[in-house]
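Comments concern the structure below.
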Amino acid sequence: MSEKTASLNFIEQIIEDNLEENPGLKVHTRFPPEPNGYLHIGHVKAICVNFETAKKYGGLTNLRFDDTNPTTEDTEFVDNIKKDIKWLGYDWEDREYFASDYFGKLYEFARKLISKGLAYVDDSTPEKIAEEKGSPGTPGVENEYRNRSVEENLDLFERMKNGEFPDGSRVLRAKVDMASPNMLLRDPLMYRIKHEHHHRTGDEWCIYPMYDFAHGQSDAIEGISYSLCSLEFMHHRPLYDWFIEKLEIYPSRQIEFARMNVAYMITSKRKLKKLVEDGLVTGWDDPRMPTISGMRRKGFPAAALRTFCDKVGVAKRENVIEIDLLESCVRDELNKTTARVMAVLDPVKVVITNYPEDKVDEMVAVNNPEDESMGSRIIPFSRELYIERKDFMEDPPKKFFRLGPGRNVRLKNGYIINCTDFVKDDNGIVTEIRCTYYPDSKSGEDTSGIKAKGVLHWVSAGHAIKAEARLYNHLFTDETPTAHEDRDFMEFFNHESLEVLPAIYVEPSLKEVSPGTQLQFMRNGYFCVDSTSSPEKLIFNQTVNLKSRYKPKK
RNA sequence: AGAUGCGUAGCAUAAAUGGUAAUGCACCGGAUUUUGGUUCCGGGGAAAACAGUUCGAUACUGUUCGCAUCUUCCA
């Protein structure tokens, strides 16, 4: 049902205008991926726009694989694409289609056009065809094949289908207008010969329809009322409409919107593939990749991706969205849903000199202050702890609310401690910090009256589990690595995009944590248990850091 | 150069029969806080340019400028 929102995007305005004239109109959209690669952040937008628009008006969305080019497509991709869309939270139910299912119908459509004198077989070489098309400024020229008889065209086209001609020797073209200022109307190719094995139709066909003679027709066959696509197809629309008119089929309507670009991310399948093939990333699901599988492995929640698309909106302007917005959506979601735990990424030992050696306190820790229903857990506190190395300074400035000689600090869910001394090695590196604790300052039952501005996270040295953490930075050092005419995008590859911390310490409650689990490492950021993690070797991926208002002076 | 589309704060998206513009993120400040998180309060900052119509234009018209796309037997 159409929910009442304050503002409509331009597509919704078109739909509501149509609905006003024709109240019975069904809103039916489709998501049409080509199964030749993995879905990425750009597809997320397309998926959201198509599914959400239909949902808003009580309509349906089909999943249709646009598999008209056997050279690059494969079933392997089909399964991954389906998995990604489902994970994102969208359901196409039983409406799963393939353009290749329509090859028979498409062939008949082509014959119909030939019969109407609106399509012809061209024997020219690709070079000649390109040359005859002219350029945007100058009209193209009509060649000798353009006026073949309907009978000859029908015969030739059938023989193309029957495999009588080699690849590239002939094509079927629509007879539109060789002088059109729109290059796509200069007798566009409808069919080409490719003696290739198709992932679904096998060797049944050796002629395959081009995008322009498959997409719109598939839309019509499925009764798609709104074919929502990206701006680059704008020039195809006159052709899209031309085929519908001449074929006299269901008048699907194409509406173009601007694709989404996100700073520091790239969405070219070819370029993404190069990163994988060159071994710069570990695979399509490397957490640094802008693929859905990569973002999932990194710990981005599907809900955050959907919110992100909603906040970005839909328009026709070229755009590059700042990555802060995406990360903000991720934090917002994770803040509500994740358990807080303590993990020390860069440990330095703290010894509490007035705490008995064999004593262990059981401290109560709230799992999520945002959600009481998530309960609490017990964590051990003992004489030797680890804290974050950067939480101690030998000679701290005033605004440093952490530990320093003589200073008090609250250990989260623990006691207030006072730094009495510290030990350095020959290189001047601090190896141990000595403190005393205030026994009456225990968290939750503090009667000490002592004030401590800073709060630190910690783990008990004798109980903590050693684990690995992987921190990620932007994959590229430039916001738009592919937008430089004079430079290759690989020049901007960030060789420091992955930072592995082989020996962090996490609290013992994480011992059996399973892959995919999302957590907040207090004061350190949101982390996700990697898909390759095991109890023997825990691996955590940093999803996103926490915001911080602490700005140390330079 | 030809055609088409687009140009609202740093980014993105809105609203307004034509009546000096709002929201989110970012940024700055403050309050709260046993996460320098969260939450709350406040702040600065925008109509590409010019001309025309008009009492009044960011919205209409025109010109200019800028950006994008199109000349794959890819989609």
Side-chain angles (χ1 to χ4, degrees), chain A residues 6-9 32-34 36 66-69 71-73 99 122 125-126 129-131 133-140 167-173 180-184 186 189-194 207-208 210-212 214-215 229-238 256 258 260 263 269-270 308 310-329 331-332 335-336 340 342 365-366 369-370 399-402 409-414 416 441 443-444 446 452-457 479 520-526 545-552:
Chain A
S7 64
L8 301 175
N9 66 47
E34 183 187 9
N36 70 344
D66 225 337
D67 56 350
T68 57
N69 184 3
T71 312
T72 57
E73 295 153 4
D122 191 328
T125 61
I129 288 176
E131 198 185 314
K133 277 197 180 178
S135 67
T138 57
D167 288 6
S169 60
R170 284 181 167 81
V171 290
L172 181 71
R173 290 227 256 171
S180 171
N182 182 345
M183 296 298 289
L184 288 156
R186 319 252 264 225
L189 273 55
M190 292 166 58
Y191 268 93
R192 76 283 213 188
I193 302 171
K194 269 180 189 264
I207 56 171
Y208 291 94
M210 301 288 291
Y211 168 83
D212 285 307
H215 199 98
C229 62
S230 55
L231 247 31
E232 53 191 307
F233 293 100
M234 186 171 54
H235 302 292
H236 294 249
R237 182 161 22 97
E256 313 88 21
M260 177 168 73
K269 281 181 201 166
R270 209 194 86 245
F308 174 58
D310 181 55
K311 289 191 174 185
V312 162
V314 183
K316 296 178 82 163
R317 267 189 252 176
E318 294 288 335
N319 61 74
V320 180
I321 314 295
E322 292 178 340
I323 202 155
D324 303 66
L325 181 59
L326 211 203
E327 294 186 344
S328 158
C329 294
R331 285 192 197 97
D332 193 50
N335 175 50
K336 293 181 290 192
R340 273 63 168 168
M342 296 203 277
V366 170
E370 303 293 313
K399 285 292 182 64
F400 186 78
F401 305 146
R402 307 177 189 179
V409 80
R410 157 72 66 184
L411 292 179
K412 176 78 185 175
N413 301 314
I416 294 176
S441 68
S443 191
D446 185 355
K453 175 80 177 163
V455 180
L456 306 187
H457 61 280
E479 286 190 9
Q520 185 196 97
F521 284 0
M522 291 195 112
R523 303 210 307 136
N524 269 326
Y526 293 100
N545 59 6
L546 247 26
K547 279 182 66 175
S548 172
R549 309 220 299 216
Y550 175 54
K551 306 250 159 46

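Residue numbers begin at 1 in each chain, while the letters A, B, ... track the order of the sequences.
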Taking atom [atom2] of [N] as reference, at what distance in whole Å does atom [atom1] of [X] sit?
X        : N     : atom1 : atom2 : result
A/Asp310 : B/C25 : CG    : C1'   : 14 Å
A/Phe308 : B/A12 : CZ    : P     : 11 Å
A/Asp324 : B/A12 : CG    : P     : 13 Å
A/Leu8   : B/A14 : CG    : P     : 10 Å
A/Asn319 : B/G24 : CG    : C1'   : 15 Å
A/Ile321 : B/A26 : CD1   : C1'   : 13 Å
A/Glu322 : B/U13 : CD    : C1'   : 13 Å
A/Ile323 : B/A12 : CD1   : C1'   : 15 Å

Please list, pair by pair, any protein nitrogen or oxygen found under 3.5 Å from a nitrogen or oxygen in nucleotides 41-44 of chain B.
none

When the [atom1] atoms of [M] and [N] are compared, how many Å lie between them, rounded to an integer?
N     : M     : atom1 : answer
B/G7  : B/C74 : P     : 34 Å
B/G45 : B/U34 : P     : 36 Å
B/U53 : B/G44 : C1'   : 36 Å
B/G30 : B/A49 : P     : 36 Å
B/A1  : B/A26 : P     : 41 Å
B/C55 : B/U20 : C1'   : 15 Å
B/G37 : B/U32 : C1'   : 13 Å
B/A47 : B/U39 : C1'   : 34 Å

- Carefully, step by step, assess A/Arg331 and A/Asn545 under the rule side-chain contact (heavy atoms from CB on, under 4.5 Å). CA-CA 8 Å; A/Arg331 285 192 197 97; A/Asn545 59 6; 2.8 Å; yes

- Beyond-backbone contact of A/Ile129 with A/Pro126, side-chain heavy atoms, under 4.5 angstrom: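 No, every pair of side-chain atoms sits at 4.5 Å or beyond.
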
- Query: Taking side chain as C-beta onward, heavy atoms only, is A/Lys133 less than 4.5 Å from A/Leu184?
  - Reply: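 No - every pair of side-chain heavy atoms lies 4.5 Å or more apart.
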
- Message: Show me the dot-bracket string of RNA chain B, counting Watson-Crick or G-U pairs under 3.5 Å, with | for pairs to another strand and [ ] for crossing ones.
- Response: .((((((..((((.....[..)))).(((((.......)))))....(((((..]....))))))))))).....

- Going through the checks in order, is the ring-ring contact (aromatic ring centres under 6.0 Å, His included) test met by A/Phe233 and A/His215? CA-CA 11 Å; A/Phe233 293 100; A/His215 199 98; 7.1 Å; no

- From CA spacing to verdict: side chain to side chain donor-acceptor pair (under 3.5 Å), A/Asn69, A/Thr71: CA-CA 5 Å; A/Asn69 184 3; A/Thr71 312; 3.1 Å; yes

Tell me, please, which residues at least two apart from [X] pass salt bridge (Lys or Arg N to Asp or Glu O under 4.0 Å).
X        : result
A/Glu34  : none
A/Glu322 : none
A/Asp310 : none
A/Asp66  : none

- Message: Could you walk me through whether A/Leu326 and A/Ile321 satisfy the side-chain contact (heavy atoms from CB on, under 4.5 Å) test, starting with their C-alpha distance in whole Å, then the side-chain angles of each, then the deciding distance to 0.1 Å, before giving a yes or no?
- Response: CA-CA 8 Å; A/Leu326 211 203; A/Ile321 314 295; over 6 Å; no

- Note on the structure: Nucleotide by nucleotide, nucleotides 66-75 of chain B touches protein heavy atoms under 4.0 Å in the pattern (B base, S sugar-phosphate only, - none) --SBSBSBSB

- Quick one, give me the B/S/- string for nucleotides 31-37 of chain B, reading 5' to 3', where B means a protein heavy atom under 4.0 Å from the base and S means that only happens at the primed atoms, P, OP1 or OP2. B--BBBB

- Output all residues satisfying side-chain contact (heavy atoms from CB on, under 4.5 Å) with A/Lys336, sequence neighbours left out; order by chain, then residue number. A/Asp332, A/Glu333

- Task: Decide yes or no on side-chain contact (heavy atoms from CB on, under 4.5 Å) for A/Ile207 and A/Leu172, but give the supporting numbers first.
- Result: CA-CA 10 Å; A/Ile207 56 171; A/Leu172 181 71; over 6 Å; no

- On RNA chain B, check which nucleotide each of A/Arg237 and A/Val320 is closest to and give me the residue with the more 5' one.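 Final value for this comparison: A/Arg237.
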
Partners meeting side-chain hydrogen bond (donor to acceptor under 3.5 Å, both in side chains) with [X] (sequence neighbours left out):
X        : value
A/Glu256 : A/Arg237, A/Gln254
A/Arg173 : A/Asp122
A/Asp67  : A/Ser100, A/His199

